[in-house]
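Take a look at the structure set out below.
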Amino acid sequence: ELNKIYKAKVVKIMDFGAFCELEPGLTTLLHSSELSWTKKNVSAKKMFKVGDEIDCMITEIDKEKRRVAISHKLTLDNPFKIFDKKFPVGTIVEGEVVNKNDYSLFVKIEDLDIDAFLHCNDLTYLNNGEEELANYKKGDKIKVKVLEIKVQEQKIRVGLKQTKADPFDWFNDKKINQTITVKIISTDNKGLVVRPEGCEMDFQIKKSQIAINAADARPSRFTGGERIDCAIAELDLDKRKAMLSIKLLEEIEKKEALEKYGSEGSGKNLPFSS
């Protein structure tokens, strides 16, 4: 019968699986892909030896071809189903780093035989993800949040930064053209790196956004450490993108001054024309 558990005797072990006898005269192949839920192409030699009685489930009976397909893993609990029940998406749980590659960590949670995938971009809100990856090694204990569970595809994705507050939330109540105060963290020939007051993130003010007057748009005018005002030029909360500009603030102030004091040619002295 299909989907019923039977005992089968291992009669021969090959690289691609094991031949098992369901009853005298009925021998069928247990393919290596049907041995384990989590280990891909696991070797039957590591799991069984000739003569072992093992549990298996019949998955297919083809009378014409006189073929029977069996599975060993279907007689075992699917750890992905257990994980899904125990740690649904959104759960925060402690895990251990069991492996890493150039762009991700693999995290084992409790004693489940599963390596959850943690992409380096989910390590930190602030730094470059690949640089942040260098701070982790095998054996590290980390708290992670379950982001995605695909039982059929046997994939689980977790994140570390999602266990903390997102510093970009500082912008939730801000809007475009709003004036904010920032502290200059550093300067280089590309522009300024600034941090808004009360926010934990750094942003770049591009060189072209430093001043209306091109001659004033020199990052070298600033030494770092100054507090200056700028305006929010672009803001996309979904994509977590913000662009800041001192030039835009100058333009807004100039426009307001013109509306207040009349046209530039009217002989009135603009407050900043000196």
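Computed from heavy atoms alone, side chains included, the values below leave out hydrogens, waters and symmetry copies.
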Can you find a pair of side-chain heavy atoms, one from [X] and one from [Y], that are under 4.5 Å apart?
| X | Y | value |
| --- | --- | --- |
| Q178 | L235 | no |
| E132 | C120 | no |
| F83 | E110 | no |
| L237 | F168 | yes |
| N3 | M57 | yes |
| K138 | N99 | yes |
| I210 | P219 | yes |
| L30 | C56 | no |

Might you point out which heavy atoms bring [X] and [Y] nearest each other, and give the distance in Å?
| X | Y | value |
| --- | --- | --- |
| A231 | L248 | CB-CD2, 3.8 Å |
| T187 | F222 | CG2-O, 3.7 Å |
| L76 | L35 | CD1-O, 4.2 Å |
| K145 | G90 | CE-O, 3.6 Å |
| S104 | H119 | CB-CA, 4.1 Å |
| S245 | C230 | O-CB, 3.5 Å |

Quick one: does any side-chain atom of [X] pair with a main-chain N or O of [Y] as donor and acceptor, under 3.5 Å?
| X | Y | answer |
| --- | --- | --- |
| N78 | F80 | yes |
| W170 | E200 | no |
| K143 | T163 | no |
| R195 | I185 | no |
| K100 | L133 | yes |
| E259 | A257 | no |

For [X], does the [atom1] atom sit with more than 12 other heavy atoms under 6.0 Å from it, leaving out its own atoms?
| X | atom1 | value |
| --- | --- | --- |
| N101 | CG | yes |
| Q154 | CD | yes |
| K108 | NZ | yes |
| K161 | NZ | yes |
| K9 | NZ | no |
| K183 | NZ | no |
| D62 | CG | yes |
| K174 | NZ | yes |

Hydrophobic clusters here meaning ILVMFWY residues chained together by side-chain heavy-atom distances under 4.5 Å, can you tell me if [X] and [Y] are in one?
| X | Y | answer |
| --- | --- | --- |
| V151 | I109 | yes |
| M243 | I246 | no |
| L147 | Y125 | no |
| V10 | L29 | no |
| V93 | V89 | yes |

Does the pair D84 and K81 meet the rule for a salt bridge (Lys or Arg N to Asp or Glu O under 4.0 Å), with working shown? CA-CA 5 Å; D84 193 19; K81 276 190 176 160; over 6 Å; no

Test side chain to side chain contact (heavy atoms under 4.5 Å, CB included) on L105 and L123 and set out the steps. CA-CA 9 Å; L105 297 175; L123 283 173; 4.0 Å; yes

First locate atom [atom1] of [X], then atom [atom2] of [Y], and finally report the distance between them rounded to the nearest 0.5 Å.
| X | Y | atom1 | atom2 | answer |
| --- | --- | --- | --- | --- |
| K155 | I149 | NZ | CD1 | 14.5 Å |
| L126 | D166 | CG | CG | 9.0 Å |
| I205 | I184 | CD1 | CD1 | 7.0 Å |
| I212 | E253 | CD1 | CD | 9.0 Å |
| E34 | T59 | CD | OG1 | 6.0 Å |
| K247 | L249 | NZ | CG | 13.0 Å |

So does K141 pair up with E96, basic N to acidic O under 4.0 Å?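 Salt bridge present between K141 and E96.
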
Check this for me, if you would: do K7 and D55 make a salt bridge, where the nitrogen-to-carboxylate-oxygen distance has to be below 4.0 angstrom?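 Counted as a salt bridge, because a side-chain N and a carboxylate O are separated by less than 4.0 Å.
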
Stepwise side chain to side chain contact (heavy atoms under 4.5 Å, CB included) test for Y136 and L160: CA-CA 12 Å; Y136 295 89; L160 186 134; 3.8 Å; yes

Would you sort out whether K39 and D113 count as a salt bridge (Lys or Arg N to Asp or Glu O under 4.0 Å), showing the intermediate values? CA-CA 9 Å; K39 293 186 177 64; D113 185 17; 3.2 Å; yes

Which is it for F87 and I156 under the side chain to side chain contact (heavy atoms under 4.5 Å, CB included) test, yes or no, and what are the steps along the way? CA-CA 11 Å; F87 309 112; I156 290 168; over 6 Å; no

Start with the C-alpha distance between D202 and S186, add both sets of side-chain angles, then the distance that settles side chain to side chain contact (heavy atoms under 4.5 Å, CB included), and finish with yes or no. CA-CA 10 Å; D202 295 346; S186 64; over 6 Å; no

Could you check whether the rings of F171 and F203 sit parallel, tilted or perpendicular, using 30° and 60° as the cut-offs?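 Perpendicular: the ring planes of F171 and F203 meet at over 60°.
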
